[in-house]
Amino acid sequence: MARVRVEFIGFDENSAVLKAAPKQAERALKQGLWRAGQFIRRIIVDGIRSPPKTGRLYKRRSVTHQASAEGEWPAADTGNLMRGVQSKNVPNAIAVDIDSTSAYGPALEFKAPSEGGRPFMSRGYDEGEQGALEIIEDTVAAILPTDGKATRR
């Protein structure tokens, strides 16, 4: 199964503090990272689901589908791409994975737009990065005595 993956891995500057933090703090941080991952996942799914889609129209059996044009989010057809976008905590780490298990996800993500590529994972991350970092920073501020800032790595 093909995978496209975006990861938040964080808090290097706080690693000593996190190692000394109680398990409740680690659990809270993992929950904050999960919320940040869900925030980005929602942006990706909403982008795929939402108009405008201005690409070509084509018919498959009795259903007419409008494809996305260059520069747009991929157009939803069967829903497989949206269903394949998942966010989950990484076991034994303070990290969250946002990935797509769709077989055609890598082609959409990595082909040139002129060749039919419609990046959706990286676009979702780019559009949601600031909001996700705010979720993580709020979580860190609630559990750490320092003024920890989440950083992208």
Side-chain angles (χ1 to χ4, degrees), residues 1-55 66-102 104-113 116-153:
M1 183 172 302
R3 295 181 89 85
V4 175
R5 182 171 283 174
V6 176
E7 295 182 355
F8 283 113
I9 304 172
F11 308 109
D12 285 341
E13 74 259 17
N14 292 325
S15 61
V17 175
L18 289 174
K19 286 178 183 172
K23 284 292 179 194
Q24 303 96 299
E26 183 178 325
R27 229 181 344 267
L29 184 53
K30 286 182 178 184
Q31 288 172 350
L33 285 167
W34 182 84
R35 283 192 306 274
Q38 290 298 316
F39 177 79
I40 289 182
R41 180 192 171 281
R42 175 60 38 211
I43 288 171
I44 294 167
V45 170
D46 287 349
I48 295 168
R49 180 182 297 136
S50 301
K53 308 298 182 207
T54 60
Q66 179 140 27
S68 59
E70 209 172 304
E72 295 177 346
W73 288 88
D77 187 4
T78 63
N80 286 335
L81 187 62
M82 289 184 295
R83 277 191 301 277
V85 178
Q86 302 170 352
S87 174
K88 58 189 171 296
N89 285 78
V90 177
N92 303 315
I94 299 176
V96 64
D97 276 350
I98 306 160
D99 60 21
S100 171
T101 58
S102 167
Y104 49 90
L108 287 170
E109 185 70 22
F110 298 114
K111 272 187 181 179
R118 302 290 181 265
F120 62 104
M121 297 293 288
S122 56
R123 181 175 181 174
Y125 181 83
D126 290 344
E127 289 185 16
E129 178 182 23
Q130 189 57 47
L133 288 175
E134 288 172 11
I135 291 168
I136 296 166
E137 287 172 358
D138 289 348
T139 301
V140 170
I143 61 174
L144 294 179
T146 63
D147 185 24
K149 293 286 184 186
T151 57
R152 181 177 175 183
R153 176 167 84 134

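Since the model is a prediction, treat every value here as computed from it, not as a measurement.
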Kindly determine whether Gln38 and Trp34 satisfy side chain to side chain contact (heavy atoms under 4.5 Å, CB included), including the steps that lead there. CA-CA 6 Å; Gln38 290 298 316; Trp34 182 84; 3.5 Å; yes
State whether the side chain of Gln86 and the backbone N or O of Ile98 hold a donor-acceptor pair below 3.5 Å, judged by distance alone. no
Can Glu72 and Thr54 be counted as having a side-chain donor-acceptor contact under 3.5 angstrom? yes
Do the charged groups of Asp126 and Arg123 touch, with an N to O distance under 4.0 Å? no
Determine the minimum heavy-atom distance between Phe120 and Trp73, stating which atoms define it. O-CZ3, 3.4 Å
Distance-only, no hydrogens or angles: does the Arg118 side chain make a donor-acceptor pair with backbone N or O of Gly71 under 3.5 Å? no
If you take all heavy atoms of Tyr104 and Leu81, which pair is closest and at what distance? OH-N, 3.4 Å
To the nearest 0.5 Å, atom CG of Leu108 lies from atom OG of Ser100 at 8.5 Å
So, for Met82 and Ile48, which heavy atoms are closest and what is the spacing to 0.1 Å? CG-CG2, 3.5 Å
Note, Ile40 side chain near Ser87 side chain (heavy atom, < 4.5 Å): no
Pairwise distance CD(Glu134) to OG1(Thr139) - rounded to 0.5 angstrom: 11.5 Å
Exercise: identify the closest heavy-atom pair between Pro74 and Ser68: CA-OG, 3.7 Å
Smallest heavy-atom separation, Ile44 atom then Met121 atom, equals CD1-SD, 3.9 Å
Can you check whether Ile43's main-chain N or O pairs, donor with acceptor, with Glu127's side chain at less than 3.5 Å? no
Within this structure, what is the CG-CD1 distance for the pair Leu33 and Ile135, rounded to the nearest 0.5 Å? 10.0 Å
So, for Ala67 and Lys53, which heavy atoms are closest and what is the spacing to 0.1 Å? O-CB, 3.8 Å
Heavy-atom side-chain contact between Asp99 and Lys88 under 4.5 Å: yes
Any side-chain to backbone donor/acceptor pair from Arg41 onto Val85? Under 3.5 Å, distance only. yes
